[in-house]
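Below is one structure, written out as structure tokens; comments come after it.
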Protein chains: 2
Amino acid sequence: MAITIKNIADACNVSRGTVDRALNDRGNIKPETKKLVLETAKKLGYKPNYIARSLVKGKTNTIGIIVFNLYNEFFSSLINHMEVNARKKNYYINLALTHYSKDIERKCVENMIKRQVDGLILCSVHNELTYSKWLQDFNIPIITLANKVSDSIPYISINDHLAMNEATKYITYKGYERIIYISPPLSNKKVLNIYSLEKRFEGFNEVKTKQQSIIIDSNDYLDILNTINITEYKTAILCSSDIYALEVLNYLKVKKINIPDQVGVMGFDNINMLKYVEPSLTTVSYSTEQIAISSINSIISYINNNIKPDNQVISYKIIEGQSL
Amino acid sequence: MAITIKNIADACNVSRGTVDRALNDRGNIKPETKKLVLETAKKLGYKPNYIARSLVKGKTNTIGIIVFNLYNEFFSSLINHMEVNARKKNYYINLALTHYSKDIERKCVENMIKRQVDGLILCSVHNELTYSKWLQDFNIPIITLANKVSDSIPYISINDHLAMNEATKYITYKGYERIIYISPPLSNKKVLNIYSLEKRFEGFNEVKTKQQSIIIDSNDYLDILNTINITEYKTAILCSSDIYALEVLNYLKVKKINIPDQVGVMGFDNINMLKYVEPSLTTVSYSTEQIAISSINSIISYINNNIKPDNQVISYKIIEGQSL
DNA sequence: CTGTTAGCGCCTTCAC
DNA sequence: GTGAAGGCGCTAACAG
């Protein structure tokens with residue numbers, strides 16, 4: 001069995017209280033006893049049991065992180081930075097993935113609660129008010145990312161609406177006559193929280209100009225694209241995420257359609273892998289590190305002060321590539 | 001404060017023992033009392049405190065995972081699959097990242113120990129025997145991945161040696177006269193565990209054929225490549241990982257060197273992003289999901305039976321692309 | 001069938 | 001300066 005505080009106490013012929021004083025720098029202890037205790041602790045290879053400490057302190061120094069998956073580079077990059085910044089502040093990471101399932105998400109949240117995380121960072125597929133209430137009833141600090149759950153739960157993200165709005169204007173400014181907007185099914189909003197996607201779409205849709213526009217919100221967007229004579233007008237294809245844009249680039253290459261001469265393409269997210277793709281993709285960039293840092297700082301101060309932090313908006317910028 | 005077992009006991013006018021029996025299906029309880037207890041537990045919104053349970057059970061149902069970072073798609077994909085499979089078996093994930101630092105790794109391990117993880121899955125940059133001993137002295141199940149720490153700690157990976165060996169032979173078979181092998185600095189092995197990279201290199205180096213070969217093991221491989229007249233012979237560039245191969249592809253495109261007509265390129269890992277790259281990269285593929293499943297199964301059976309599992313070798317295969 | 005009790009390992013309070 | 005004792009929330013062993 002592992003060495004406990006009691007083993008040290010016995011070995012030193014002092015009480016457990018004294019060992020605790022030595023180990024945790026609490027003062028009120030004779031330097032020699034402290035020295036003795038620390039030395040024997042080291043000799044015995046003592047490692048404090050944080051579980052026991054957590055139980056008495058009512059604090060685990062653990063942050064629960066619940067996101068969709070790690071395939072999405074947004075999340076893997078985010079969690080990478082979160083781990084770094086949490087560790088710096090002496091917090092640890094419990095990770096759980098929902099794979100876009102409302103059920104799994106609920107279970108993950110419950111598990112985190114049972115495991116007594118001090119706070120929760122959540123990218124949710126829920127947005128029912130009952131769910132928001134359910135979350136808040138756990139009475140622990142919770143912060144949401146990317147998909148807003150409700151106005152009463154702090155939310156950190158870029159302004160998707162504005163960003164896509166600007167992207168659309170940028171395309172207009174570039175002289176395109178027609179925009180094809182590609183997104184995952186927006187009708188999903190009936191069953192899932194797709195806040196971020198909706199906002200992006202709204203940002204696009206709001207730009208009322210002389211252009212024509214075609215909206216493809218389907219998982220079969222390439223098939224649908226195939227039914228359109230894309231070179232008929234000076235067309236730009238605007239995608240709600242880089243992944244889609246990459247698929248579109250591939251599609252156009254297969255079709256021997258020149259980019260950007262015949263058709264322009266624009267993405268969103270500026271994922272890392274873009275640097276290996278040709279032509280370089282015009283896209284919208286933002287810092288996952290900044291989102292991660294904001295999230296960790298917010299949740300920790302929320303934990304420590306029990307004051308609900310404000311929503312935070314992270315900046316973005318358009319990256320000009322050769323695809324538009 | 002959160003509802004405890006005692007609150008329920010009080011509310012039901014029974015003892016805490018009885019509540020425990022009801023909540024945990026232990027039998028020896030009158031159906032009506034059980035029903036009453038369960039109902040009031042639900043009504044009060046009781047959530048068991050797993051920290052307390054862990055303390056008494058000496059088991060946290062938590063697996064610590066320590067890897068380098070999540071930028072590397074190998075790790076993010078791995079952890080994605082690990083989380084899924086751990087959750088299925090009612091285990092949770094504590095994640096820590098070392099960023100290739102020996103110091104950070106040591107601290108991460110210690111933290112995991114303090115937090116009483118039931119088992120540890122580790123991709124290490126250490127390979128000192130003292131470190132292996134240090135790890136084993138913690139006396140908890142540990143499994144290593146990708147980089148072997150020592151023969152006395154279970155290790156799961158593909159056979160890097162054999163895989164690169166076969167890759168090299170494949171290139172030979174394709175009729176190339178010269179191979180340029182690109183790898184991160186192999187001299188790092190003096191300060192870091194780069195087992196997997198070494199094995200790959202050995203696998204390449206072992207193939208003694210008539211070909212010429214050039215070895216570039218440097219972070220400035222593109223600069224060095226630039227000093228070589230690569231089209232002088234029928235040359236293939238074999239990279240120890242896809243990321244390098246992608247950089248090489250970019251380099252060759254900039255140089256207007258045709259792939260594969262003038263120079264062939266081969267990678268290793270078959271990362272997801274390859275599907276967006278042209279020409280499609282010839283590479284070595286293996287299943288991170290299988291590694292993840294093996295790891296999780298191994299560590300859990302190690303935890304439950306306390307029998308050190310055998311090393312496991314995951315299969316690989318060569319993927320023929322258009323780059324060679 | 002149910003209640004009581006003694007911990008798990010640690011921290012904290014209160015005596016001395 | 002130090003020791004003793006109680007308790008965090010839960011489980012388990014024993015009594016009844």
Side-chain angles (χ1 to χ4, degrees), chain A residues 1-38 40-41 44-62 110-111 113-118 138-140, chain B residues 1-38 40-41 44-62 110-111 113-118 138-140:
Chain A
M1 299 296 93
I3 304 299
T4 75
I5 224 173
K6 185 166 183 313
N7 300 138
I8 303 177
D10 291 350
C12 297
N13 264 315
V14 297
S15 72
R16 290 173 294 151
T18 301
V19 174
D20 182 58
R21 274 183 276 263
L23 256 25
N24 296 292
D25 269 329
R26 293 194 212 290
N28 291 326
I29 183 169
K30 199 162 37 161
E32 301 108 80
T33 18
K34 180 164 177 178
K35 188 155 171 275
L36 174 66
V37 169
L38 291 180
T40 58
L44 298 177
Y46 171 75
K47 297 273 172 253
N49 182 328
Y50 282 4
I51 294 291
R53 175 185 290 182
S54 295
L55 184 59
V56 36
K57 289 225 176 198
K59 186 162 189 296
T60 54
N61 271 51
T62 297
E110 284 195 324
N111 282 331
I113 298 294
K114 291 175 184 168
R115 303 171 70 207
Q116 311 291 118
V117 296
D118 293 336
F138 289 123
N139 228 352
I140 69 161
Chain B
M1 297 296 90
I3 305 298
T4 74
I5 223 171
K6 185 165 182 316
N7 300 137
I8 302 177
D10 291 350
C12 297
N13 263 315
V14 296
S15 71
R16 290 174 294 151
T18 301
V19 174
D20 183 57
R21 273 182 280 263
L23 256 26
N24 296 291
D25 267 331
R26 292 193 214 291
N28 292 326
I29 183 169
K30 201 166 31 162
E32 300 107 83
T33 17
K34 180 165 178 179
K35 189 155 170 277
L36 174 67
V37 169
L38 290 180
T40 58
L44 297 177
Y46 170 74
K47 297 275 173 250
N49 182 328
Y50 282 5
I51 295 291
R53 176 186 289 182
S54 295
L55 184 59
V56 35
K57 289 225 177 199
K59 185 160 191 296
T60 55
N61 272 52
T62 298
E110 283 193 326
N111 281 332
I113 298 294
K114 291 174 184 170
R115 302 172 69 209
Q116 312 290 118
V117 296
D118 293 336
F138 289 124
N139 228 352
I140 70 160

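Below, all heavy atoms of this structure are taken into account, side chains as well, without hydrogens, waters or symmetry copies. Convention: sequence-line order gives letters A, B, ...; per-chain numbering from 1. Being a predicted model, the structure only gives us computed values, none of them experimental.
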| request: Quick one: list whatever passes side chain to side chain donor-acceptor pair (under 3.5 Å) with B:Asn111, sequence neighbours left out. | output: A:Tyr92

| Partner residues of B:Tyr50 under the ring pair (Phe, Tyr, Trp, His ring centres under 6.0 Å) criterion, sequence neighbours left out | none

| task | Mark up nucleotides 5-12 of chain D, 5' to 3', with B wherever a protein heavy atom is under 4.0 angstrom from a base atom, S wherever such an atom reaches only the sugar-phosphate, and - elsewhere. | result | B-BBBBSB

| said: Filter on salt bridge (charged side-chain N to carboxylate O under 4.0 Å, His left out), then keep only pairs touching residues 4-16 of chain B, sequence neighbours left out; what's left? | reply: B:Lys6-B:Asp10

| query | With sugar-phosphate meaning primed atoms plus P, OP1 and OP2, does B:Ser54 contact a base, only sugar-phosphate, or nothing at under 4.0 Å between heavy atoms? | reply | nothing

| remark: Those residues at least two apart in sequence (or on a different chain) that pass side-chain contact (heavy atoms from CB on, under 4.5 Å) with B:Ser54 are A:Ile51, B:Thr60

| query | What residues, two or more places apart in sequence or in another chain, satisfy side chain to side chain donor-acceptor pair (under 3.5 Å) together with A:Asp25? | reply | A:Lys34

| note | Counted 5' to 3', the first and last nucleotides of DNA chain C within 4.0 Å (strictly under) of a heavy-atom of chain B are C:dC1 to C:dG9

| Taking only residues two or more places apart in sequence or in another chain, which ones pass side-chain contact (heavy atoms from CB on, under 4.5 Å) with B:Leu23? | B:Ile5, B:Ile8, B:Val19, B:Val37, B:Leu38, B:Ala41, B:Tyr46

| note | Students should find that the end-to-end axis angle of the helix from C:dC1-D:dG16 to C:dC16-D:dG1, with five pairs defining each axis and rounding to 10 degrees, is 50°

| message | Holding to side chain to side chain donor-acceptor pair (under 3.5 Å), I want the full list of residues that pass it with B:Thr33, two or more places apart in sequence or in another chain. | response | none

| note | Nearest heavy-atom approach of A:Thr4 to A:Asn7 is N-OD1, 2.7 Å

| message | Which residues pass the side-chain contact (heavy atoms from CB on, under 4.5 Å) test with B:Ile113, not counting sequence neighbours? | response | A:Lys47, B:Val109, B:Phe138, B:Ile140

| remark: With sequence neighbours left out, the residues meeting side-chain contact (heavy atoms from CB on, under 4.5 Å) with A:Ala52 are A:Asn49, B:Leu55

